[in-house]
Protein chains: 2
Amino acid sequence: MDVKTLCLGVLSMGEASGYEIKKRLEDGFSHFYDASFGSIYPALNRLQQEGLVTCAFEAQSKRPDKKVYALTADGKLALVRELATPPVEDRIRSEFLVTMLFADLLPAGYVGELIDQRIAEHGRVLAALTDKSCDGTPAQRFVAGYGEAMYAAAIKYLQDNRHLVESEALLAQVGRDREENGLTPRGTRTREASG
Amino acid sequence: MDVKTLCLGVLSMGEASGYEIKKRLEDGFSHFYDASFGSIYPALNRLQQEGLVTCAFEAQSKRPDKKVYALTADGKLALVRELATPPVEDRIRSEFLVTMLFADLLPAGYVGELIDQRIAEHGRVLAALTDKSCDGTPAQRFVAGYGEAMYAAAIKYLQDNRHLVESEALLAQVGRDREENGLTPRGTRTREASG
DNA sequence: TTATCCATGTAAGAAGTTACATGATTGA
DNA sequence: TCAATCATGTAACTTCTTACATGGATAA
């Protein structure tokens, strides 16, 4: 699955311009898939070449001209075929969690700030999703609700367990343990060699 | 943050070869960040050129030779500097959720199977994480626990709400609604134009 | 005997992001 | 007056994945 499929999907809910596709991805998709203009516009052009979408040029006064795309029968087929291939596993890339994993290398206050920010940001997204999960098709509510459940669980977990990465005393101890075990710059290696 | 930083991070917990770094990422990181050999080996070579890691060659009998990397003082500094820059938002790419969003284009039975598989797979990962969240540093338990919380919430949500994307009657209705609104192949556009 | 583990590396390519170019309109 | 919205597109670049090359040891 790639940006082309994503465009086909958005278009299956109604015709749209590239710009509008991006907007619709932002509010409704953005927590589990995203794409930039730099990938959407080329994708739409390729899709048109392949006959999977049609394009209607619309001149507008007071606004830049628009190219409104719509699915063709072939396009809908291609979308269904794509959707019928088993989805690959979720790919998640969380710099936040990497940072938390090495929290003992950072000032506890900074770690606390990061968690505060994260809770606040998740709260905002959660509120936005809660609005959305009331209307739309059942499938749209399902997906919005999924996001809600995830963000709510994340907030709760962070609140209940932040002490694990914020406790200064603990962190200092871990720091000392590390000195003893792993981080000597060189030369002291034993074990593991010459098996 | 990139694979180089990830390598520095793993090495901050103890020296390792490229192969071992990959293994350690797989069990402990893989649910929120991953990297392939094709990115790890070049990363380690660059890191060595930059003086952020040292490399000890270890000849092994009965096994291929090994290159064991260890952080230098500069490397640890670089890691801390990286970790101190605010993490970018999580990037999540879920083909599963995209598929769910367009579930009405697919046979309900197939959608049900996908959900069953997802619940089973999440259950496996959850069990693996539960083992891990008992030991390790507090930070490691924090991150493993975060994963646990997410997978548990996902499983519960799927069980409680799968009817939203599996109900045949509803889906058929949505399908008909779509015919009427969006998917006419071309020409019928009104609204939205010439604003 | 077949597959998997160990172990490193390169090269080609996919897929996407960022930054830029262009420019009127509108709201703060 | 400054920023944001609308609107499309290209080019350079980054980053990572996949596939390949190599090959002994071991477990099923």
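Numbered from 1 within each chain, the chains take letters A, B, ... in sequence-line order. The figures here come from the full heavy-atom set of this structure, side chains too, leaving out hydrogens, waters and symmetry mates.
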Would you say S17(A) places a side-chain N or O within less than 4.0 Å of OP1 or OP2 belonging to dA7(D)?
no
Tabulate protein N/O versus nucleotide N/O from nucleotides 9-13 of chain C, keeping only pairs under 3.5 Å, one per line.
{"from": "dG9(C)", "atom 1": "OP1", "to": "K67(B)", "atom 2": "NZ", "distance (Å)": "2.3"}

Remaining members of hydrophobic cluster (4.5 Å side-chain criterion), V88(A)
none
Not counting sequence neighbours, which residues clear side-chain contact (heavy atoms from CB on, under 4.5 Å) with D160(A)? List them please.
K156(A)
Do any side-chain nitrogens or oxygens of S36(B) fall under 4.0 Å of OP1 or OP2 in dT18(D)?
no
Rounding to 10°, can you tell me the angle the first-five-pair axis of the helix from dT1(C)-dA28(D) to dA28(C)-dT1(D) makes with its last-five-pair axis?
60°
What is the distance, rounded to the nearest whole Å, between atom CG of D34(B) and atom P of dT15(D)?
17 Å
Separation of atom CD1 in I21(A) from atom C1' in dA7(D), rounded to whole Å
13 Å
Got a sec, which pairs hit ring pair (Phe, Tyr, Trp, His ring centres under 6.0 Å) with one end in residues 111-130 of chain B, sequence neighbours left out?
H122(B)-Y151(B)
Rounded to the nearest 0.5 Å, how far does CG of N161(B) lie from CE of M100(B)?
13.0 Å
Roughly how many Å is it from CD1 in I40(A) to P in dT18(C), rounded to a whole number?
13 Å
Which residues share a side-chain contact (heavy atoms from CB on, under 4.5 Å) with D27(A), sequence neighbours left out:
K132(A)
Could you state the atom-to-atom distance from CG of D65(A) to C1' of dG23(C) in whole Å?
12 Å
Just to be sure I understand the geometry, which residues of residues 78-91 of chain A put a non-hydrogen atom under 4.0 Å away from DNA chain C?
none
Across all chains, not counting sequence neighbours, the salt bridge (charged side-chain N to carboxylate O under 4.0 Å, His left out) partners of K22(A) are E26(A)
Take the protein atom CZ of R93(B) and the nucleotide atom P of dC16(D), then report the distance between them rounded to whole Å.
13 Å
D27(B) atom CG is separated from dC5(C) atom C1', nearest whole Å, by 15 Å
All heavy atoms of G51(B) vs all of T72(B), minimum pair found to be O-OG1, 2.8 Å
Listed once per pair and sorted, the salt bridge (Lys or Arg N to Asp or Glu O under 4.0 Å) pairs that draw on residues 109-129 of chain A, sequence neighbours left out:
D116(A)-R162(A), R118(A)-D90(B), E121(A)-R124(A)
T130(A) versus E148(A), closest heavy-atom pair with distance:
OG1-OE1, 3.3 Å
Report the distance from atom NZ of K62(A) to atom C1' of dG23(C), rounded to the nearest whole Å.
16 Å
Carboxylate-amine/guanidinium proximity below 4.0 Å for E82(A) and K4(A):
no
Please name all residues satisfying ring-ring contact (aromatic ring centres under 6.0 Å, His included) with F32(A), sequence neighbours left out, ordered by chain then number.
F29(A)
Contacts table for residues 35-48 of chain B: side-chain donor-acceptor under 3.5 angstrom, sequence neighbours left out:
{"from": "S39(B)", "atom 1": "OG", "to": "S36(B)", "atom 2": "N", "distance (Å)": "3.4"}
{"from": "S39(B)", "atom 1": "OG", "to": "S36(B)", "atom 2": "O", "distance (Å)": "2.9"}
{"from": "N45(B)", "atom 1": "ND2", "to": "Y41(B)", "atom 2": "O", "distance (Å)": "3.3"}

Set out, in order, the CA-CA distance, both residues' side-chain angles and the distance that settles side chain to side chain contact (heavy atoms under 4.5 Å, CB included) for L97(B) and Y33(A), then state yes or no.
CA-CA 9 Å; L97(B) 286 177; Y33(A) 218 115; over 6 Å; no
What closest approach, in Å, do P87(A) and F96(B) show between heavy atoms, and which atom pair accounts for it?
CB-N, 3.6 Å
Give each protein N/O atom lying under 3.5 Å from an N/O atom of nucleotides 1-6 of chain D, with the pair distance.
{"from": "dC6(D)", "atom 1": "OP2", "to": "Y19(A)", "atom 2": "OH", "distance (Å)": "3.0"}

Roughly how many Å is it from CD in E95(A) to P in dT15(D), rounded to a whole number?
11 Å
